Amino acid sequence: MNGKVHVMDHPLVAHKLTILRDKDTSVKDFREIVSEIGMLITYEATRDLPLTEKEVETPICKTTAPTLKGKKFAVVPILRAGLGLVDGVLRMVPSARVGHIGMFRDEETLEPHVYFCKLPKDVAERDIMVVDPMLATGGSADAAISALKERGCNNIKLMVLVAAPEGIARIQSSHPDVDIFCGVVDKGLNERGYIVPGLGDAGDRIFGTK
Ligand code: PRP
Ligand code: URA
């Protein structure tokens, strides 16, 4: 069975994505809004975190109330653009560890190349959220997830802001165990592998490198 695709159906996410699509949005605003949407998607993507009960004394009385069970969690951005989402995830899950996978797409072949991989030692025991603003051909996310599985990870989710149907199909075929959480699914890819209508090169827009 394929992993589920959870598309955020929320006016705040829709509104913020439109600001990101606008080519005139400043680097500062772009960066801030990527982080904000990251926070909103994290809210949805962590719905299944296990809870336990603890005793707490309110100003009125003693009671028991839910608290996170403390399952180990790690966020793994695909460099560079994925870095833009880390802050949003950490604001929701401050104790998360952060691993990094550096990957770039060859502009000609669109094939991903790994240039860096640094992960927490106990990564195999952690629930993993791979983050990248763009899922285009799916090559980068596919390779990043494979690298994590080679290191023993078996509970992986993928968070993206904009997904192309081609990228979703690739992840569902290569990694049917991985659920995808995305802000929106766009029409498809152009001849240069860019998402249409998309928002352009997410890394360049986050870091102002264009
Ligand atoms: C972008 C983006 C994804 C990848 C998506 O990164 O952030 O990682 O392309 O494309 P794919 O689904 O076809 O693999 P890019 O390679 O431009 O590197 P950057 O983050 O350094 O800008
Ligand atoms: N990477 C990006 O940053 N944007 C796209 O549209 C496709 C890949």
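We count ligands from 1, going down the list as the structure has it; atoms in each ligand are counted the same way. Note that this is a predicted model, so its numbers are computed, not measured. Numbers for residues simply follow the sequence, beginning at 1.
Pairs passing the ring pair (Phe, Tyr, Trp, His ring centres under 6.0 Å) check and including a residue from residues 131-188, sequence neighbours excluded, read His6-Phe181. Within the structure, ring pair (Phe, Tyr, Trp, His ring centres under 6.0 Å) pairs that include any residue of residues 111-169 comprise Phe104-His113 (at least two apart or interchain).
Within 6.0 Å of the CZ atom in Arg97, the count of heavy atoms belonging to other residues, nucleotides or ligands does not exceed 12.
Of all protein heavy atoms, the one lying nearest to atom 18 (O) of ligand 1 is Met103 O, 4.1 Å. Among all protein heavy atoms, the one lying closest to atom 19 (P) of ligand 1 is Arg80 NE, 3.6 Å. Of all protein heavy atoms, the one lying nearest to atom 10 (O) of ligand 1 is Arg105 CD, 3.2 Å.
Residues Val86 and Ile37 are members of one and the same hydrophobic cluster, defined by side-chain heavy-atom contacts under 4.5 angstrom among Ile, Leu, Val, Met, Phe, Trp and Tyr.
Every atom of ligand 1 with a heavy atom of Ser140 under 4.0 Å away is listed here by number and element: 4 (C), 8 (O), 11 (P), 14 (O).
Considering Thr209, Ile101, Asp132 only, the shortest heavy-atom separation from atom 7 (O) of ligand 1 involves Asp132.
Listed as neighbours of ligand 2 are Arg105, Met134, Ala136, Gly193, Tyr194, Ile195, Gly200, Asp201, Ala202, each bearing a heavy atom under 4.0 Å from the ligand.
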Would you mind writing out the side-chain donor-acceptor pairs for residues 7-17 within the sub-3.5 Å range, not counting sequence neighbours?
residue: His10; atom: ND1; partner: Leu12; partner atom: N; Å: 3.0
residue: Lys16; atom: NZ; partner: Glu36; partner atom: OE1; Å: 2.6

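For atom 1 (C) of ligand 1, the nearest protein heavy atom lies 4.0 Å or farther away.
Of all the heavy atoms of Asp201, the ones lying under 4.0 Å from any atom of ligand 1 belong exclusively to the side chain.
In this structure, Gly138 counts as a contact residue of ligand 1, since one of its heavy atoms falls inside 4.0 Å of the ligand.
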